[in-house]
Amino acid sequence: MPRNKVHFRPQQFASDNYSGICPEAFEAMARVNTGHELAYGNDRWTAEACDLFRELFEAECEVFFVFSGTAGNSLALASLCQPYHSIICHRYAHVETDECGAPEFFSHGAKLLLAEGEMGLMDPVSLEQIVTKRTDIHYPKPKAVTLTQATELGTVYSRERLLEISRVCRNHSLKLHMDGARFSNAVVSLGITPRQITVDCGVDVLVFGGSKNGLCQGEAVVFFNTAAAEEFEYRCKQAGQLAAKMRFVAAQWLGVLKTGAWLRHAKHANDCAAELERHLLTIPEIEIILPRQANSVFVRMPDEIVGAMREKGWLFYTFIGLGEARLMCSWDTTEEAIVAFVHDLKEAVAASGLAR
Ligand SMILES: *Cc1c(COP(=O)(O)O)cnc(C)c1O
């Protein structure tokens with residue numbers, strides 16, 4: 001997306017990864033920036049961070065840090081599958097639409113099969129149909145299911161829906177992977193403990209996102225199925241995902257987990273989306289098309305309004321899911337940015353002649 005030099009806004013609603021590093025993570029990195037330390041994750045802060053995840057999930061888990069969500073998802077899925085297996089995901093899943101084939105690449109050929117489901121949520125019936133459609137040797141054998149929590153369409157899986165899907169997985173011996181790029185936003189939205197929507201729902205591995213919630217980088221791959229984590233460190237190293245200066249990745253997690261900032265920031269982002277939605281509801285020409293459950297608002301915006309907003313320097317995605325406008329809030333979204341956006345939107349609607 002070209003950067004418009006004249007109007008570029010200090011805050012955008014394009015993605016939560018447009019934001020910077022939160023102070024809790026930044027300061028934590030500075031605190032560990034003293035002297036020499038063991039490399040490649042053999043330092044004490046990495047060990048401490050891994051223990052914190054065990055506390056947070058109230059479970060024995062194996063934790064690894066990688067540079068991106070794409071790497072985390074692909075390597076985690078590869079660890080659950082052989083090349084002749086298939087992985088069932090939602091039609092709009094990030095692994096299908098936005099990872100450049102990385103899951104297929106790192107699994108050496110496992111095929112993604114696309115399930116249906118309203119509002120970005122996988123339908124257990126659709127899952128069951130895909131899994132039972134074929135049992136012959138000519139079709140890749142279903143082995144894993146991946147869910148995104150919160151979803152690409154800004155919705156959140158309820159615990160009940162997760163348990164339903166988990167039941168299908170158990171019945172068909174499927175492993176369950178969770179893409180948690182916005183896991184924190186989902187936890188806040190549901191007002192539930194992290195364990196209740198992972199371990200308790202049979203999730204084998206969670207990729208817990210940090211970069212969209214205030215970290216610079218370092219998504220955490222959390223294996224609740226510890227057997228599946230065997231030799232995962234080799235996968236990470238081979239894929240170029242083992243940070244030499246791991247202490248700075250671990251420190252960021254320590255910074256946000258110890259202070260509760262991971263929840264505070266996610267709550268702020270969710271609250272901002274709610275605030276933005278309240279404003280948008282006052283503009284009848286802008287239709288809200290999905291329930292707002294996390295930190296985004298999806299709206300139907302006529303092309304000429306999209307164009308006018310771009311002219312005013314606003315960036316937002318129009319290629320996610322159904323191709324509507326996605327307005328995404330982040331840990332640092334300000335009230336002023338929301339007000340300025342809505343002001344410009346009202347102006348654009350009035351100038352377009354579309355105003356009712
Ligand atoms: C952002 C995102 C990711 C990770 O993306 P990277 O750019 O590879 O870090 C994964 N899944 C979802 C749903 C995302 O929104």
Side-chain angles (χ1 to χ4, degrees), residues 38-89 95 99 102-112 140-149 165-166 169-181 183 194-195 197-210 217-244 246-247 249-250 253:
L38 296 178
Y40 299 112
N42 295 314
D43 61 284
R44 59 205 146 111
W45 292 292
T46 300
E48 192 185 345
C50 293
D51 281 339
L52 269 186
F53 280 100
R54 294 181 187 113
E55 251 176 61
L56 183 69
F57 287 97
E58 309 161 72
E60 259 319 303
C61 47
E62 295 293 336
V63 185
F64 305 85
F65 301 100
V66 294
F67 291 107
S68 72
T70 298
N73 287 336
S74 310
L75 295 173
L77 287 168
S79 75
L80 303 177
C81 287
Q82 295 292 333
Y84 50 83
H85 284 145
S86 55
I87 300 161
I88 299 109
C89 66
V95 290
E99 298 192 353
E104 294 92 329
F105 176 76
F106 281 109
S107 66
H108 295 268
K111 185 178 169 76
L112 293 183
K141 187 178 184 213
K143 194 59 171 189
V145 173
T146 170
L147 302 176
T148 310
Q149 179 76 312
I165 289 171
S166 174
C169 291
R170 221 175 24 251
N171 290 345
H172 298 283
S173 303
L174 302 169
K175 297 280 197 314
L176 185 52
H177 162 271
M178 185 174 275
D179 173 352
F183 183 73
R195 183 186 163 104
I197 49 170
T198 53
V199 187
D200 291 354
C201 292
V203 172
D204 290 288
V205 54
L206 164 73
V207 181
F208 191 158
Q217 91 287 85
E219 315 292 273
V221 183
V222 184
F223 282 90
F224 304 110
N225 177 348
T226 51
E230 199 190 331
E231 299 184 346
F232 192 73
E233 63 272 29
Y234 288 91
R235 251 180 228 287
C236 291
K237 176 66 192 182
Q238 187 181 50
Q241 292 295 321
L242 179 64
M246 188 70 89
R247 65 171 137 158
V249 175
W253 279 106

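- Residues Ala59 and Val199 share a closest heavy-atom pair of CB-CG2, 3.9 Å.
- Between the Gln241 side chain and the Phe67 main chain, a donor and an acceptor come within less than 3.5 Å of each other.
- Using a 4.5 Å heavy-atom cutoff, the side chains of Leu75 and Val221 are not in contact.
- Glu219 approaches Gly210 most closely through the heavy-atom pair OE2-N, 3.1 Å.
- Side-chain contact check for Val205 versus Ser79: every heavy-atom pair is 4.5 Å or farther apart.
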**OP:** Could you go through the side chain to side chain contact (heavy atoms under 4.5 Å, CB included) check for Leu176 and Leu147 one step at a time?
**Re:** CA-CA 8 Å; Leu176 185 52; Leu147 302 176; 4.0 Å; yes
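- Contact record, Val203 with Leu206: CG1-N, 4.2 Å, taken as the closest heavy-atom pair.
- Taken to the nearest 0.5 Å, the SG atom of Cys81 stands 11.0 Å off from the NZ atom of Lys141.
- With rounding to the nearest 0.5 Å, the separation of NZ in Lys143 from OH in Tyr84 is 7.5 Å.
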Under 3.5 Å donor-acceptor pairs involving side-chain atoms of residues 103-111, not counting sequence neighbours:
from	atom 1	to	atom 2	distance (Å)
Ser107	OG	Pro103	O	2.7
Ser107	OG	Glu104	O	3.2
Ser107	OG	Ala110	N	3.1

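- Between the OG atom of Ser166 and the CD1 atom of Ile197 there is a distance of 13.0 Å, given to the nearest 0.5 Å.
- Atoms CD1 and CG, on Ile87 and Leu80 in that order, are 8.0 Å from each other to the nearest 0.5 Å.
- When the salt bridge (charged side-chain N to carboxylate O under 4.0 Å, His left out) test is applied to Arg195, the partners found at least two apart in sequence or on another chain are Asp200.
- With values rounded to the nearest 0.5 angstrom, Glu99 atom CD is found 6.5 Å from Asp179 atom CG.
- Taking 4.5 Å as the limit, every side-chain heavy atom of Trp253 sits out of range of all side-chain heavy atoms of Leu52.
- Across Asp204 and Lys175, no two heavy atoms sit closer than the pair OD2-CA, 3.3 Å.
- Taking CG from Asp43 and CD from Glu48, the interatomic distance works out to 10.0 Å, rounded to the nearest 0.5 Å.
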**OP:** Take Arg54 and Glu62 through the test side chain to side chain contact (heavy atoms under 4.5 Å, CB included) and record every step on the way to the result.
**Re:** CA-CA 8 Å; Arg54 294 181 187 113; Glu62 295 293 336; 4.3 Å; yes
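- Glu58 CD: more than 12 foreign heavy atoms inside a 6.0 Å radius.
- Under the 30°/60° scheme for interplanar angles, the aromatic rings of Phe65 and Phe53 are found to be tilted.
- Across every non-hydrogen atom of Val95 and Cys89, the tightest pair is CG2-CB, 3.9 Å.
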**OP:** Would you check, one step at a time, whether the test side chain to side chain contact (heavy atoms under 4.5 Å, CB included) holds for Leu242 with Glu233?
**Re:** CA-CA 8 Å; Leu242 179 64; Glu233 63 272 29; over 6 Å; no
Original post:
Between Phe208 and Leu56, is a side chain to side chain contact (heavy atoms under 4.5 Å, CB included) present by the stated rule, with each step listed?
Top reply: CA-CA 12 Å; Phe208 191 158; Leu56 183 69; 3.8 Å; yes
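- Remark: Phe232 pairs with Phe64, Phe223 by the ring-ring contact (aromatic ring centres under 6.0 Å, His included) rule, at least two apart or across chains.
- Of all heavy-atom pairs spanning Thr226 and Cys61, the tightest one is CG2-CA, 4.1 Å.
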